[in-house]
Student: 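Below: one structure in structure tokens.
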Amino acid sequence: MNVGQPEKKHNDFFQNVYDVVRLIPAGRVTSYGAIAAYLGSKGGARMVGWAMGSSYTEHGIPAHRVVNREGVLTAKMQFRTPTTMQELLEKEGVIVKNDKIQNWKERFWDPEKEL
DNA sequence: CATCTGACTCCTT
DNA sequence: AAAGGAGCCAGAT
């Protein structure tokens, strides 16, 4: 029963972000800008991270696979512990050193390209 | 109702 | 080349 009328709620943006993040395969990482670009939101780079930040990162969303465009774990502090993000990434096979992802270019998962 | 902040990114100096 | 400031949208106070 959707009534054919798009509700158009702010949640739409959030849902979009969550959907893309959940589609990120294990061992892969992406940047906020990539997701924002895929969603079509230009200045959405902040919005993307902010969207999950409001969700506290733990809602079935592998937020640890999302980092800034430099491959640096900027959001590690948002996790329960400043090392949780890195631990999760390493557990999935992603090498993180000095809070930065190694082979970032190879690990980079572009939704527009992969999807 | 108006103001400010925010897990970013790009441009200018 | 590096550092700093401005810009984007949406939610919260």
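Chain identifiers are assigned alphabetically (A, B, ...) following the order of the sequence lines, protein sequences preceding nucleic acid strands; residue numbering begins at 1 within each chain.
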Student: So which nucleotide from C:dA10, B:dA7, B:dC10 ends up closest to the side chain of A:R69?
Tutor: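 Nucleotide nearest to A:R69's side chain: B:dC10.
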Student: In whole Å, what is the span from the CD atom of A:E70 to the P atom of B:dC8?
Tutor: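 Answer to the nearest Å: 11 Å.
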Student: If I take atom CE in residue A:M47 and atom P in nucleotide B:dT9, what distance separates them, rounded to the nearest angstrom?
Tutor: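 A:M47 atom CE is separated from B:dT9 atom P by 12 Å.
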Student: Measure all distances between protein nitrogen or oxygen atoms and nitrogen or oxygen atoms of nucleotides 11-13 of chain B, and list the pairs falling under 3.5 Å.
Tutor:
none

Student: What is the distance from CE of A:M52 to P of B:dG6, rounded to the nearest Å?
Tutor: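 Rounded to whole Å, this separation is 18 Å.
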Student: Do A:F13 and A:V20 sit in one hydrophobic cluster, given that two such residues count as connected whenever their side-chain heavy atoms are within less than 4.5 Å of each other, even indirectly?
Tutor: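 Yes, one cluster joins them.
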Student: Would you say A:V66 and A:S31 make side-chain contact, with heavy atoms under 4.5 Å?
Tutor: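 With C-beta onward as the side chain, the pair stays apart.
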Student: Using whole Å, what does the distance between atom C1' of nucleotide C:dA10 and atom CG of A:L39 come to?
Tutor: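 Rounded to whole Å, this separation is 14 Å.
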Student: State whether the side chain of A:Q102 and the backbone N or O of A:K100 hold a donor-acceptor pair below 3.5 Å, judged by distance alone.
Tutor: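 At least one qualifying donor-acceptor pair exists.
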Student: Round to the nearest Å and state the distance from A:N16 atom CG to C:dA10 atom P.
Tutor: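 Rounding to the nearest Å, CG of A:N16 and P of C:dA10 are 12 Å apart.
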Student: Let me know the distance between CG of A:L89 and C1' of B:dA7, rounded to the nearest Å.
Tutor: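 Checked: the CG to C1' distance equals 13 Å.
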Student: Are the aromatic rings of A:F14 and A:W50 close, with centres under 6.0 Å apart?
Tutor: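 Distance test on ring centres: under 6.0 Å, yes.
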Student: If you check every side-chain atom of A:W50, which of B:dA7, B:dT9, C:dA10 has the closest atom?
Tutor: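 Among B:dA7, B:dT9, C:dA10, the one nearest the side chain of A:W50 is C:dA10.
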Student: Return each pair, listed once, that meets salt bridge (charged side-chain N to carboxylate O under 4.0 Å, His left out) where at least one residue sits in residues 103-113 of chain A; pairs must be two or more places apart or across chains.
Tutor: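 For residues 103-113 of chain A, and leaving out neighbouring residues, there are no salt bridge (charged side-chain N to carboxylate O under 4.0 Å, His left out) pairs at all.
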Student: Just how far, in rounded Å, is C1' of B:dA7 from CG of A:N68?
Tutor: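 Roughly 9 Å, once rounded to whole Å.
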Student: Check A:R65 with A:E92, please: is the shortest side-chain N to carboxylate O separation under 4.0 Å?
Tutor: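 The answer is yes: the pair qualifies as a salt bridge.
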Student: Rounded to whole Å, how long is the line connecting atom CG of A:L88 with atom C1' of B:dA7?
Tutor: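 Roughly 15 Å, once rounded to whole Å.
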